[in-house]
Amino acid sequence: MIPLKTLTLKTKIIQSPMAGCTDLAFRLVARRYGMEFAFLEMVSADALVRQNQKTLLLLKSTESDRPLGAQLVGCNPETMGEAAAIIEDMGFDLLDLNLGCPVPKVTAPGGGSALLREPQTAQKIFESVIKKIKRIPVTAKMRKGFSDASGQEAVQIARLAEKSGLSAVTVHGRTRVQGYSGAADWEAIARVKEAVRIPVFGNGDVFNAEDAQRLLSTSGCDGVMIGRGGLGNPWLYQSIHAALSGSTAFLQPSLEDKKKAALEHLRLEIETEGERIGVLKFRRIGCWYLKDYPGTAQFRNRINTLETAQEMAEAIENFPLSFTGPPSGPSE
Ligand SMILES: Cc1cc2nc3c(=O)[nH]c(=O)nc-3n(C[C@H](O)[C@H](O)[C@H](O)COP(=O)(O)O)c2cc1C
């Protein structure tokens with residue numbers, strides 16, 4: 001159990017915010033398979049304060065999609081505070097502040113991972129947000145540094161977060177300069193864990209239960225935040241939870257299990273986004289579920305041309321038969 005102010009997490013495993021990935025359909029599928037806590041994707045504080053319609057759509061949720069965290073990205077302390085109050089009023093269970101986004105559009109004005117090099121601004125943001133929030137826990141998610149690989153920037157920011165009254169921090173063990181290259185540095189997460197008393201979530205390169213166990217033992221962190229590992233793998237949360245509870249039962253989904261979950265995900269995308277957008281989004285999502293099989297490349301090429309939900313469902317149902325060519329007959 002991880003207590004975070006008004007929210008108590010029953011497991012140590014949470015899903016990270018991922019732009020374009022952790023939408024409502026993704027979360028509803030993952031919850032059916034045992035994910036406890038999820039994030040929406042990050043939203044811009046400026047856009048939220050302006051009540052931008054596209055931003056409000058990104059915050060779409062349902063009653064069964066709980067507990068749920070929202071994440072704000074921005075660099076102006078006042079705007080971040082204003083946006084934080086809106087997030088709390090919308091009924092989310094936790095607010096996270098983004099200090100990790102590497103995208104130039106976000107870092108150029110000073111947001112996301114750029115804040116790792118601006119501790120004074122980061123602190124002003126923390127204080128402004130905490131002042132505006134009445135009830136829910138506030139957390140920060142950061143990379144281990146901007147270009148400094150030592151982890152000291154994350155240590156400094158985590159200390160400021162704790163001092164300002166934040167309830168937890170998450171550390172992704174890569175620098176901004178690294179992007180997604182190289183292995184995540186879990187030792188840097190250990191340095192943050194040693195520096196603060198609030199819970200620390202470790203993040204980076206957890207794709208199975210063994211990875212999660214190694215991250216926990218290497219860093220001493222309190223919880224694990226899953227990122228890319230959760231895409232097309234809603235079994236991951238339960239299998240980690242089972243392993244951490246000492247169970248040797250290994251949840252290994254079959255191809256049929258994956259097709260079933262993919263079809264459920266497709267149905268929910270169509271339901272929540274409409275057929276046109278849902279099918280377009282599913283051109284990418286379908287590949288998350290059916291990678292690593294013979295015929296995957298052909299499957300990807302084929303679904304990239306599909307336009308209706310019916311065609312998409314058939315492509316999944318018929319996988320891999322229609323993509324691996326005719327069965328080879330007896331040799332003559
Ligand atoms: C497509 C994509 C979108 C992402 N969007 C966000 C985001 O909105 N907010 C955030 O804090 N991190 C975001 N991240 C970073 C992930 O949450 C996570 O920190 C990163 O992928 C490392 O974890 P992993 O190695 O387990 O994937 C994104 C990552 C990817 C690949």
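Both counts, for ligands and for their atoms, begin at 1 and track the order of listing. Just so it is clear, the structure is predicted and the values come from calculations on it, not from any experiment.
Side-chain atoms of Thr22 and Glu41 form no donor-acceptor pair, as typed in the model, at a separation below 3.5 Å. No side-chain donor from either of Arg191 and Ser150 sits under 3.5 Å from a side-chain acceptor of the other. Residues Gln156 and Gln152 bring no donor and acceptor atom of their side chains to less than 3.5 Å of each other.
In Asn98, the part holding a heavy atom less than 4.0 Å from any atom of ligand 1 is the side chain. At a 4.0 Å heavy-atom cut-off, ligand 1 does not touch Met225 at all. By the criterion of a heavy-atom distance under 4.0 Å, both the backbone and the side chain of Arg228 are placed next to ligand 1.
Looking at atom 23 (O) of ligand 1, its nearest protein heavy atom turns out to be Asn203 ND2, 3.1 Å.
Taking a 6.0 Å sphere around NZ of Lys259, one finds it holds more than 12 heavy atoms contributed by other residues, nucleotides or ligands. With a 6.0 Å radius and a threshold of 12 heavy atoms from other residues, nucleotides or ligands, Arg214 has its CZ atom above the threshold.
Proximity of Gly204 to ligand 1 is established by a heavy-atom distance of less than 4.0 Å. Taking 4.0 Å as the cut-off, Tyr180 counts as a neighbour of ligand 1 on heavy-atom distance.
Closest heavy-atom approach to atom 17 (O) of ligand 1 among the candidates Cys101, Ser16, Ala19: Ser16. The closest non-hydrogen atom to atom 12 (N) of ligand 1, taken over Lys141, Met142, Met18, comes from Lys141. Between atom 7 (C) of ligand 1 and the options Gly227, Gly173, Pro17, Ala140, the minimum heavy-atom separation is to Pro17. Relative to atom 11 (O) of ligand 1, the option among Arg143, Met42, Glu41, Gln71 with the closest non-hydrogen atom is Gln71.
For the pair Arg143 and Tyr180, the cation-pi criterion (under 6.0 Å, within 45° of the ring axis) is fulfilled.
Results of the side chain to side chain contact (heavy atoms under 4.5 Å, CB included) test with Met225 over Leu215, Thr170, Ile13 single out Thr170 as the only residue that passes.
Of all the atoms in ligand 1, the ones that sit under 4.0 Å from a non-hydrogen atom of Asp205 are 24 (P), 25 (O), 26 (O).
Using a 4.0 Å cut-off between charged side-chain N and carboxylate O, Asp65 and Arg27 make a salt bridge.
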